[in-house]
Amino acid sequence: MMAERQPFIAGNWKMHKTLAEARTLARDIRQGAAPGRRAEVALAPPYTALAAVAAELAGSGLRLAAQDTFWERQGAFTGAISPAMLADVGCHYVIVGHSERRQHFGDTDATVNRKLTAVVAAGLIPILCVGETQAERAAGQTLQVVRGQLEGGLGALKPASGSALVVAYEPVWAIGTGLTATPGQAQTVHHFIRSLLREFLGPAAEEIRLQYGGSVTPDNAAILLAQPDIDGALVGGASLKPELFLPIIAAAG
Ligand code: 13P
């Protein structure tokens, strides 16, 4: 039986936008996103703009997301932000295990698992990112890498329901490069991820939204979103411009 999964489009702003710019962008997206849209929409500004964007989105139905977190609740952890703090500022989602965190900040499957567990414990929904590098794809290791990241990231975690977890497949070679996985390449990995989730979590797998990320644009969004196991998009560069992000939201129906 095919579960009905609400499309989910999230904008990962990465390390972009001053406070004033963030307010303007959030307002433009709020005003431009059709009220009758099918897709759920979330914005992930940098930490510094979370409160301001939360204020802009209040009452709109658009969700706030954070780009990362630490696993402790509070304490002497200079520079870190806890899931409880993210909940307090109004976040609904937290991106965990983004390849840029793995590449530049030393995140591993073990630390990703600690973060994921802490996010769920705080009542927030993690967006767990997985994806292979160009070299791993060339070596035929894509599915093996994705399996390792998913298995390691989830660990013993059993979300209460399929709506308590989102997984984003972001092939590293497609991020910020203008190279997009073909719909077929993306669907193959998404289908594999769903089969793994079925293996790990049982029937809840049918409800879990799987986002594709990596150079999503208004030109390729519709065909990617039309794939049976692609339930949304995690958008980087194109989420910084309303004229690009709004058509991606519209492509989700
Ligand atoms: P781009 O859309 O800029 O390729 O970034 C994708 C991404 O990393 C979203 O998290």
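This is a predicted model, so every value here is computed, not measured. Counting starts at 1 for both ligands and their atoms, in listed order. For the single chain, residues carry numbers from 1 onward in sequence order.
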Steps toward side chain to side chain contact (heavy atoms under 4.5 Å, CB included) verdict (Q67, E100): CA-CA 10 Å; Q67 299 175 15; E100 287 151 17; over 6 Å; no
Per-atom contacts, ligand 1 versus A174 - under 4.0 Å to a heavy atom: 4 (O)
Contacting atoms of ligand 1, where contact means under 4.0 angstrom from a heavy atom of N12: 9 (C), 10 (O)
Closest candidate by heavy atom, reference atom 1 (P) of ligand 1, pool G178, S239, G237: G237
Numbered atoms and elements of ligand 1 in range of G214, under 4.0 angstrom, heavy atoms: 4 (O), 6 (C)
For ligand 1, the portion of I175 having any non-hydrogen atom under 4.0 Å away: both
Nearest neighbour of atom 2 (O) of ligand 1 from the list A233, G11, G236, G213, on a heavy-atom basis: G236
Selected option - heavy-atom contact closest to atom 9 (C) of ligand 1, from E100, E170, K14: E170
Check ion pair E206-R194 (N to O, under 4.0 angstrom): no
Return all side-chain donor-acceptor pairs below 3.5 angstrom for residues 77-89, not counting sequence neighbours, or 'none' if the list is empty.
| from | atom 1 | to | atom 2 | distance (Å) |
| --- | --- | --- | --- | --- |
| S82 | OG | R73 | O | 2.9 |
| S82 | OG | A84 | N | 3.4 |
| S82 | OG | M85 | N | 3.1 |

N-O pairing of E40 and R63 below 4.0 Å: yes
Contact check: T177 vs ligand 1, nitrogen or oxygen atoms, below 3.5 angstrom: no
Verify same cluster id: L154, V189 (apolar side-chain graph, 4.5 Å): yes
Presence of salt bridge, E4 and R38, under 4.0 angstrom: yes
Atom NE2 of H92: over 12 foreign heavy atoms under 6.0 Å: yes
Heavy-atom gap C129 to ligand 1 smaller than 4.0 Å: no
Residue G176 vicinity, atoms of ligand 1 by number, heavy atom under 4.0 Å: 1 (P), 3 (O), 4 (O)
In one Ile/Leu/Val/Met/Phe/Trp/Tyr side-chain cluster, 4.5 Å: L234, F8: yes
Close approach of A238 to ligand 1, heavy atoms, under 4.0 angstrom: no
